[in-house]
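Proteins get letters first, then strands, A, B, ... in listed order; numbering begins at 1 in each.
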Amino acid sequence: MSLFYLLLGFFLFFLQHVGPFPAPWRPDFLTLYIVFVTLRLDIPYAVGLAWLYGLLLDCYGLAPLGLHAALLLTAVMGTALSRRRLNFLYVFPQIAGVGLIMVLQAAIMVGLLHLLLPVPVVHLAMLRQALQQLLTTALSAPLVFGLFRLLEIGWQRWILKKSPRPFLAGLRW
Amino acid sequence: MNKKSDDVSRRRYQLPLIVGISVLLIFTLISASIREPNPLAPLAAMVIRATAPVFNFFQESAAVVNRVWRGYIYLVGVQAENERLKRYATESLSREALYQETLLEKERLRQLLEFKNQAALPVTGARIIGYDFSIWFKCAFLDKGANDDIKWGMPVLNASGVVGRIVEVYPDYAKVLLIIDRASAVDAIVQRNRLRGILSGVGANRCFLRYIHKNQDVQVGDVILASGLGGIYPRGTVLGKVTGVDKKVPGLFQEVEVEPAADFTRLEEVLVVKTVQTVLTKP
């Protein structure tokens, strides 16, 4: 696994915590990142990264350890099961695929919160925000994936000093 | 041939195996971390101690980008008007941006100082270095911790009003539960008619004043204050303003929506009140 994916994840993690756009109008960068690495790397690596950043999110938030890891692992599983829809060629299936993953994540989060935490209230306003973030993330997915791909090419060209593969080549369909 | 079929079967069972192990691990971790005392707390503290300095670095970098950006916007008009002024302004770009930033900071600190004098509370200033502003949880990270005598349960305020309270303390950092988080509940009163209720967050950027009976009078624009009865927040500090009242909801109580006084998207400096006697004890 390239160091690139690890550094990109760290950058997005910190961006998510100090960045100027609060949720729900900020795309869920880490979910998009996990979808991207699942498409680009073998499943065990993607699972490892999902655990790493999930646990980091839990340490910096108020969630019990493992909650965000569960969400990011959902993204890995969702992506692994629908690689064809999430490939980098077709925009609309990609938006729909990311949207479905976000719905699954929200369902798991609501379920776990109800099961585990002493305050089992999920207000309508919260669900509305979740819907807003779902739309923001899903609609921005093609753009963000394109940006990740450009960064990846830049990394290969400028850091590793080797000619990158063509823009859309080498992907798993 | 055999190797190939082994590889195929390995790949076939890889995903279900990973899912199974992960689910098991997740439930083990979650059940361990909701226990009190949390056996995983030292692990979280270690991770935070190792990574929190990076937040400082990112904050500093963001401030520099912000300064340059503001300076650039300022310069665009000057460039169009006069080439000589542009050259001069380019030279003083970073200085000008720094002045602006210092001026804004001074104004914010002046407001905090004014508030501190008004409130006459023993407080210490702290900076927000990061925040978890996701849909589900709302908390912030302060650059001060146990080494600065920050303790669990201390209320955090800014010039506008209540921000939240300390829920986790590390040697150099502290975690603040914001009042808009769904786990937050504050004993509150309506300033106009002293009606009491519980102000609770709902995870979105707003709160609701709960347990206000439908025949009680709450109006849009009413100011909500901390009652002081919870033992955490100083009596009379501003919590927010009523932005909506709905009496058509089912049940005994009306739904009173409150916009918090503090703007949580722009938090930079806050005050931690140090000697408020909390009646709660850490679980």
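Heavy-atom distances place no part of B:Ala185 under 4.5 Å from chain A, backbone and side chain included. Proximity to chain A (any heavy atom under 4.5 Å) is restricted, for B:Phe27, to the side chain, taken from C-beta onward. Contact annotation for B:Ile129: only backbone heavy atoms (N, CA, C, O) come within less than 4.5 Å of a heavy atom of chain A. Within the 4.5 angstrom heavy-atom criterion, only side-chain atoms of B:Phe208, from C-beta onward, approach chain A. For B:Thr51, the parts sitting under 4.5 Å from any heavy atom of chain A are the backbone and the side chain alike. Of the two parts of A:Leu65, the backbone and the side chain both hold a non-hydrogen atom closer than 4.5 Å to a non-hydrogen atom of chain B. With a threshold of 4.5 angstrom between heavy atoms, A:Ala106 approaches chain B through its backbone and through its side chain.
Note: A:Phe10 and A:Tyr53 meet the aromatic proximity criterion, with ring centroids under 6.0 Å apart.
A salt bridge is absent between B:Arg210 and B:Glu255; no separation between the charged side-chain nitrogens and carboxylate oxygens falls under 4.0 Å. The pair B:Glu257-B:Arg206 counts as a salt bridge, with a side-chain nitrogen and a carboxylate oxygen less than 4.0 angstrom apart. Between B:Glu259 and B:Lys241, none of the side-chain N atoms (NZ, or NE/NH1/NH2) sits under 4.0 Å from a carboxylate O, so this pair counts as no salt bridge.
The backbone N or O of A:Gly61 sits less than 3.5 Å from a side-chain atom of B:Lys175, completing a donor-acceptor pair.
Looking at A:Trp155 and A:Leu7, their side chains come closer than 4.5 Å, going by heavy atoms from C-beta outward.
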